Each structure stands twice: as structure tokens, then as C-alpha cells.
K.L.:
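Got a structure for you, written out below as C-alpha cells; questions coming shortly.
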There are 2 protein chains.
Amino acid sequence: MHSFDKTIQKLRQEGFKLTPQRLAVIKHMIGNSRHPSALAIHKDLKRRYPSLSFSTVYNTLNMLERIEEVQSLNVIDGHLNYDPDISTHGHFLCTKCGTIHDIRFEDCDDIKLPQGEIGGHTISSIQVSFKGTCRICR
Amino acid sequence: MHSFDKTIQKLRQEGFKLTPQRLAVIKHMIGNSRHPSALAIHKDLKRRYPSLSFSTVYNTLNMLERIEEVQSLNVIDGHLNYDPDISTHGHFLCTKCGTIHDIRFEDCDDIKLPQGEIGGHTISSIQVSFKGTCRICR
DNA sequence: GTACTTGCAAACAGTTTGCATAGGC
DNA sequence: GCCTATGCAAACTGTTTGCAAGTAC
């Protein structure tokens, strides 16, 4: 998710209406590196938008995923987490504090991943998730 | 999941009873590289064990995961798939045919992953999942 | 015989859907 | 004013749980 203006522009281009609820979700996600779940997003926004419903949050997130402004993560069993950074990068789930840390591949020279194809299969996306105890918890 | 005898031995060691249902699930998983879901396992075993319940399948899989005889995979949104191969390896989900292919890191020299720690975080497990079109489908 | 396990049904969590109303354009 | 988006509730999916009856040991 680049910036507010660019995202708004994209919504307009695709013919989506700019409702207060959508703008609130977008604002909440831009630059958000906490990888919130739909539940967490709803809980946070509910304060300012008491009538905001779950379906609107889900609809908006699904729309943002469709137009590639967020990606959904399968890091935790049983629900999805959302990341406004759609670049290919990894995630570290701390099983102690529950935090999801970003792992930027460029910063680690002990990580290398294929691009385009692997074993004859054509790759369209990659998800790398680590579990363990994070830097802060140990 | 090494072999039938070794797995049985482990169950006995841990004090689990060897019920027909458990033996059926274990036999069904050994050497199974199709990464079945609990639903698929239940469906397959139901033929020979018509009274087999979902809870027994789930209980057995959770037990096998606890004693590290299977691992659960987060490759597909919304449900878990089970893999009797607990070694660290990747998975490729074909979005066309739905097949999950194993990706053995040793076989690909364009994959390198860290061991032990990453960015100061202590790693206990890694999951790598690719999505795209598999060798067979394209 | 004594636990542990089973099977059933009900509970549960996260997500999606249907529909009447509201509101962006 | 048209048509999409919202909010609510209900439906749905995958998984877990509670409990009486059954069974491995």
C-alpha cells in the first residue's frame, strides 16, 4: 500500500466508491506493520465508527487484496492476518508474545529464494513463515 | 512418519492406546505424499470404517502432530493439510489442479534458508509455500 | 476393572452471504 | 436517481469440546 493518495486513485480507477468505512480501513492499514487480523482492525476502528460491521471490514479487505493493495497471511492457524506491504518478504511469528515480525530477504544473506520457477513449476507467489522466540522475548 | 513399526512403538512409549481407528489413520498417512486434509482422510477411511467420526480423525491427527509424526500445513486458506514428512521442506500449491507438491530444498540450489536464528529471532520451525501453476498443468 | 478412546451432537471461531436500507457519485 | 456499499443476522466451514457408551490394556 503505497500512500493514501495513490490508493484512493486506484479505487477510483477501478470504480469503487470512497465510503468513510473504506477510507478508515485504508488509513488504518497504510504503514501498519502489525499484521492485524480482521478482528483487530474491526476492534480498532469500532471506536471511531461504532456502527462499523464485520462484513464491511471483510469486504474492504477482500477488495484491497483483489486490487493488490494488501496481502493476506496464513501465518497463524485459523485466521488471516493482513499486510499492507505486498512485496515478497517473510514473517516471523513469536510463539511467546504473538508478534509477527517482517523478515526482509534483502537484509539476510542466509536466505535465497527462487524467482519465476521451481522444479518446473511456475511461481506466482511465495510465503515464508518462521516460528520461534523473537529477539525481544528471549 | 518413519515406518509403521516405529510409529506404533512411539505411541506405546507415550502411553497411547492402539485402537483400530488410530492404526487406520497411521497406515493411511505413512508414505502419503498427497497432503490430505482431515476431511479427505475421513472420507477415505470411512469406506472401511463406516462409523469413524470426524472427532477421532482430528484427535488422532492432533496426537500425531504432538508426538511429531505428522506436521500440519497452512498452505490453503481455511483448513489444514497433513504431511507425514516432518522434515523441513517446502510446498507448491497449484492453483489450477489443487495439488500440493513437495519442494525438497536439497534439490534446488536457488533456495537457501537460515537455521537456528534470523535477525536475532530464534527459529523453531519454517514453512515455505509457493503458489502458481505446476509442471503438469502448464 | 480402570482409564482412555470413541462417536455423536452441539459448540465454537472466523469468514461469507442475503437482503433491506442508506448513501456516494 | 441509480447503483453500489453498509449493517445486521443468519449461514457456512473447519475444528474443538462435552459426554455417555465402548474398548484396549
Side-chain angles (χ1 to χ4, degrees), chain A residues 7-28 35-67 69-82 98 100, chain B residues 7-26 28 35-67 70-82 98 100:
Chain A
T7 306
I8 295 311
Q9 197 185 329
K10 200 162 188 180
L11 285 219
R12 257 197 258 271
Q13 272 173 25
E14 307 263 352
F16 291 108
K17 289 182 180 165
L18 303 180
T19 65
Q21 294 88 337
R22 284 178 175 170
L23 297 176
V25 172
I26 291 166
K27 270 189 187 146
H28 190 260
H35 313 91
S37 64
L39 181 80
I41 296 166
H42 181 254
K43 200 176 145 217
D44 281 348
L45 294 177
K46 192 96 185 175
R47 271 178 282 152
R48 288 170 68 97
Y49 301 83
S51 76
L52 182 69
S53 71
F54 267 114
S55 38
T56 300
V57 172
Y58 279 110
N59 285 336
T60 303
L61 289 168
N62 286 340
M63 174 202 70
L64 291 174
E65 193 175 11
R66 251 191 332 274
I67 64 169
E69 287 288 314
V70 301
Q71 64 170 319
S72 61
L73 307 177
N74 254 302
V75 178
I76 302 174
D77 289 1
H79 67 96
L80 297 173
N81 294 79
Y82 292 87
I100 298 172
Chain B
T7 306
I8 295 311
Q9 197 186 329
K10 201 161 187 180
L11 284 220
R12 256 197 259 270
Q13 272 173 26
E14 306 265 352
F16 291 107
K17 288 181 180 164
L18 303 180
T19 66
Q21 294 89 335
R22 283 178 175 169
L23 297 176
V25 173
I26 291 166
H28 190 260
H35 313 89
S37 63
L39 181 80
I41 296 167
H42 181 254
K43 200 177 145 215
D44 282 348
L45 294 177
K46 191 98 186 174
R47 271 178 281 151
R48 289 169 68 96
Y49 301 83
S51 75
L52 182 70
S53 71
F54 267 113
S55 38
T56 300
V57 173
Y58 279 110
N59 285 337
T60 304
L61 289 168
N62 285 340
M63 173 203 69
L64 291 173
E65 194 175 10
R66 252 193 327 276
I67 65 171
V70 301
Q71 64 171 318
S72 61
L73 308 177
N74 255 302
V75 178
I76 302 174
D77 290 1
H79 67 96
L80 297 173
N81 293 80
Y82 290 88
I100 298 172

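Chain A is the first sequence line, chain B the second, and so forth, proteins listed ahead of strands; every chain is numbered from 1. All of these numbers come straight from a predicted model, not from anything done at the bench.
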K.L.:
Atom NZ of B:Lys46 to atom C1' of C:dC8: distance rounded to whole Å?
P.N.:
10 Å
K.L.:
Would you say B:Thr19 places a side-chain N or O within less than 4.0 Å of OP1 or OP2 belonging to C:dT6?
P.N.:
yes
K.L.:
Ignoring the backbone of A:Ser55, work out which of C:dT5, C:dG7, D:dG7 is nearest its side chain.
P.N.:
D:dG7
K.L.:
Toward the 5' end of DNA chain D, which comes first, A:Arg22 or B:Leu39, by nearest nucleotide?
P.N.:
A:Arg22
K.L.:
Report which part of the nucleic acid A:Asp77 touches: base, sugar-phosphate, or nothing (heavy-atom distance under 4.0 Å, all strands).
P.N.:
nothing
K.L.:
Passes side chain to side chain contact (heavy atoms under 4.5 Å, CB included), B:Ile100 versus B:Ile76? Steps please.
P.N.:
CA-CA 10 Å; B:Ile100 298 172; B:Ile76 302 174; 4.2 Å; yes
K.L.:
Rounded off to whole Å, could you give me the NE2-to-C1' distance for the B:His79 and C:dA13 pair?
P.N.:
16 Å
K.L.:
Please state how far atom NZ in B:Lys43 lies from atom P in D:dG14, giving the value in whole angstrom units.
P.N.:
13 Å
K.L.:
Can you check whether A:Thr56 has a side-chain N or O nearer than 4.0 Å to OP1 or OP2 of D:dG7?
P.N.:
yes
K.L.:
Just to be sure I understand the rule, does B:Pro20 reach a base, reach only the sugar-phosphate, or reach nothing, if contact means heavy atoms closer than 4.0 Å?
P.N.:
sugar-phosphate
K.L.:
Starting at atom OH of B:Tyr58, determine the distance to atom P of D:dT13, rounded to an integer number of angstrom.
P.N.:
13 Å
K.L.:
Below 4.0 angstrom from OP1 or OP2 of C:dT16, is there any side-chain N or O of A:Asn62?
P.N.:
yes
K.L.:
For residues B:Glu65 and B:Ser72, is any side-chain donor paired with an opposing acceptor at under 3.5 Å?
P.N.:
yes
K.L.:
Assess whether atom NZ of B:Lys46 is packed by more than 12 heavy atoms of other residues, nucleotides or ligands within 6.0 Å.
P.N.:
yes
K.L.:
Base, sugar-phosphate alone, or nothing: which one does A:Phe54 contact when heavy atoms must sit under 4.0 Å apart?
P.N.:
nothing
K.L.:
Mind calculating the distance between CD (A:Glu14) and P (C:dC25) to the nearest angstrom?
P.N.:
15 Å
K.L.:
Starting at atom CZ of B:Arg66, determine the distance to atom C1' of D:dT16, rounded to an integer number of angstrom.
P.N.:
13 Å
K.L.:
Just verifying a value: how many Å separate B:Leu45 CG and B:Thr56 OG1, rounded to the nearest 0.5 Å?
P.N.:
11.0 Å
K.L.:
Distance check needed: D:dT15 P versus B:Met63 CE, whole Å only.
P.N.:
17 Å
K.L.:
Toward the 5' end of DNA chain D, which comes first, B:Arg12 or B:Ala38, by nearest nucleotide?
P.N.:
B:Ala38
K.L.:
Nearest whole angstrom, please: distance from the C1' of D:dG7 to the CG of A:Leu45.
P.N.:
15 Å
K.L.:
Which nucleotide wins on minimum distance to the side chain of B:Lys17, given the candidates C:dG7, C:dT15, C:dC4?
P.N.:
C:dC4
K.L.:
Atom CG of B:Asp77 and atom CG of A:Asn74: how far apart are they, to the nearest 0.5 Å?
P.N.:
4.5 Å
K.L.:
Select one nucleotide: of D:dT16, C:dT5, D:dT6, the one nearest the side-chain heavy atoms of A:Gln21.
P.N.:
D:dT6
